[in-house]
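Notes to accompany the following structure.
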Amino acid sequence: MLVVRAINASDLDALYGLASQVGTGMTTLKPDMKMLGDRLAIACASFAETIPPEKRDYMFVMEDTDTGRLAGVCAIKGAVGLDEPFYNYRIGTLVHSSRELDVFTRMETLYLSNDLTGSTELCSLFLHPDYRSGNNGKLLSKSRFLFIAQFPHLFTEKLIAEMRGYQAPDGSSPFYEGLGRHFFKMDFHHVDDLTSLGKKSFIAELMPRQPMYVAYLPDEAQVVIGKVHLSTAPARRLLEQEGLHFEGYVDIFDAGPVLQARVSELRAMRDSMPAVLDAEAAPEACGDLAQAEPYLVSNTDLKDFRMIVTSANPHSGKIALDDDELHLLRCHHGDTVRTLSLNPRKHPHV
């Protein structure tokens, strides 16, 4: 059985194993033991509430309880850009016109920006290839939204997610080759490694501050602006289901889209509900249609947050889970849990 839970200090070796599978382009999850160890220490302090909310980095792992193997990882950073600069390109428009020559042109531009500084960030989502089936990806990604819905006071109003940008089959980034390489004079993977280690001062030192005209870029760089890595497309669709959307910000190296949302407008904030664990909550009372609907269920313990997907459905503020599910959540009958339908409803119940 699978459970998404708060990471703990004993997960470091398994986390390194997952990070070794990721590949390039995900700067927050590199196979560097010291970096991962430092980050895990911050995550443990975050769940223990021993550091301020804006410095917290909540990391979650998906554990296969039958084998003890870690199947995936994901995270929420309390706020970005407060200790080190957080850069993006903002896509804008400049208009050039001449009444005398009857010429009017609109030029798309890229502005180097720190606009998203201070936002809460969804990051580090990775599911091992062996587990990419069924509802596993949804369980892993959407666990973060249930956590936010349970503890909204810990996060800022704006939520963002930087998506990995398009890469060619050989691993190169057409956008970086068309723009970044001219300024950094190093290959994409080297720049990616530097930023993952927090070495970002070179961005401000080397990148031009004036707007960049998109039309000046090679065609292969222009067409990938806002496009995601092939393996990231499913993750983008899941985030969009939960209320995030693209508002014209992209990564400065690979031009991957930055999705945004207001925390208060997330589906989990609107639709998730508390329910009391009750063995007498008969699932048949919900009807056949509801019985077939998978639900996310989490406990309400910040220090030991745990979440599963179940076929049990809440009814009248109660839900019945079997003994194995109770064990996974470390809950007992009479405890309160938080529930959310795994998939958005096209026609919500009134």
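Remember, it's a predicted structure, so these values are computed and weren't measured experimentally.
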Roughly how far apart are [X] [atom1] and [Y] [atom2], rounded to 0.5 Å?
X    : Y    : atom1 : atom2 : result
L217 : L110 : CG    : CG    : 6.5 Å
R144 : L122 : CZ    : CG    : 4.5 Å
S124 : E162 : OG    : CD    : 10.5 Å
D57  : C44  : CG    : SG    : 10.5 Å
Q167 : H229 : CD    : NE2   : 4.5 Å
D254 : S172 : CG    : OG    : 11.5 Å

Test your reading of the model: is there a side-chain donor-acceptor pair from [X] to the backbone of [Y], 3.5 Å cut-off?
X    : Y    : answer
D64  : A71  : no
R306 : L328 : yes
S272 : M269 : no
R56  : A43  : no
K30  : A19  : no
D335 : H332 : yes
D32  : M35  : yes

- Parallel, tilted or perpendicular, as decided by the 30° and 60° cut-offs, for the rings of Y213 and H96: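 Ring orientation of H96 relative to Y213: tilted.
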Does a donor on one side chain and an acceptor on the other come within less than 3.5 Å for [X] and [Y]?
X    : Y    : answer
E325 : T310 : yes
E247 : H245 : yes
R90  : T109 : no
S264 : E157 : yes

- Could you walk me through whether E63 and L2 pass side-chain contact (heavy atoms from CB on, under 4.5 Å), step by step? CA-CA 6 Å; E63 180 184 351; L2 296 174; over 6 Å; no
Is there a path of hydrophobic side-chain contacts, each under 4.5 Å between heavy atoms, that joins [X] and [Y]?
X    : Y    : result
I7   : L12  : yes
F145 : F151 : yes
Y111 : Y249 : no
M59  : Y16  : yes
M33  : L15  : yes

A quick test of your reading: do over 12 heavy atoms of other residues, nucleotides or ligands sit less than 6.0 Å from [atom1] of [X]?
X    : atom1 : result
L230 : CG    : no
M273 : CE    : no
F183 : CZ    : yes
R262 : CZ    : no
D66  : CG    : yes

- Co-members of the apolar cluster containing L101 [side chain, <4.5 Å]: V103
Quick one: does [X]'s side chain get under 4.5 Å of [Y]'s, heavy atoms only?
X    : Y    : answer
F305 : R5   : no
L266 : I148 : yes
M1   : D324 : yes
M307 : L139 : yes
V95  : T105 : no
K158 : V263 : no
I76  : L154 : no
I308 : L329 : yes

- Item | Audit row: L302, F147, side-chain contact (heavy atoms from CB on, under 4.5 Å) steps and yes/no | CA-CA 8 Å; L302 172 63; F147 185 82; 3.4 Å; yes
- Message: Run the side chain to side chain donor-acceptor pair (under 3.5 Å) test on S298 and R338 for me, step by step, so that the C-alpha distance in whole Å, both residues' side-chain angles and the decisive distance to 0.1 Å come before the verdict.
- Response: CA-CA 5 Å; S298 77; R338 181 164 291 274; 5.8 Å; no
- Message: As a quick check of understanding, evaluate side-chain contact (heavy atoms from CB on, under 4.5 Å) for K55 and I42, giving each step before the final call.
- Response: CA-CA 8 Å; K55 294 183 179 295; I42 292 174; over 6 Å; no
- Task: Mind listing the closest non-hydrogen atom pair of S141 and L238 along with its distance?
- Result: CB-CD1, 3.9 Å
- Steps toward side chain to side chain donor-acceptor pair (under 3.5 Å) verdict (Q241, K138): CA-CA 11 Å; Q241 285 181 1; K138 292 181 181 180; 5.3 Å; no
- Item | Charged tip of K227 within 45° of Y166 ring normal and under 6.0 Å |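 Verdict for Y166: a cation-pi partner in K227.
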So, are [X] and [Y] salt-bridged, with charged N and O less than 4.0 Å apart?
X    : Y    : result
D301 : R330 : no
D251 : R164 : no
E49  : K303 : yes
E293 : R345 : yes

- Item | F253 and its side-chain contact (heavy atoms from CB on, under 4.5 Å) partner, picked from Y89, F175, Y87, F184 | F184
- With R69, which of D130, D13, D11 fulfils salt bridge (charged side-chain N to carboxylate O under 4.0 Å, His left out)?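 With R69 as partner, salt bridge (charged side-chain N to carboxylate O under 4.0 Å, His left out) holds for just one option, D130.
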- Message: Run N299 and Q150 through side chain to side chain donor-acceptor pair (under 3.5 Å) and show every step you take.
- Response: CA-CA 9 Å; N299 65 19; Q150 181 61 37; over 6 Å; no
- Task: List the steps and the verdict of side chain to side chain donor-acceptor pair (under 3.5 Å) for T120 and T156.
- Result: CA-CA 6 Å; T120 290; T156 64; 3.1 Å; yes
- Item | salt bridge (charged side-chain N to carboxylate O under 4.0 Å, His left out) against E54, all qualifying residues, sequence neighbours excluded | none
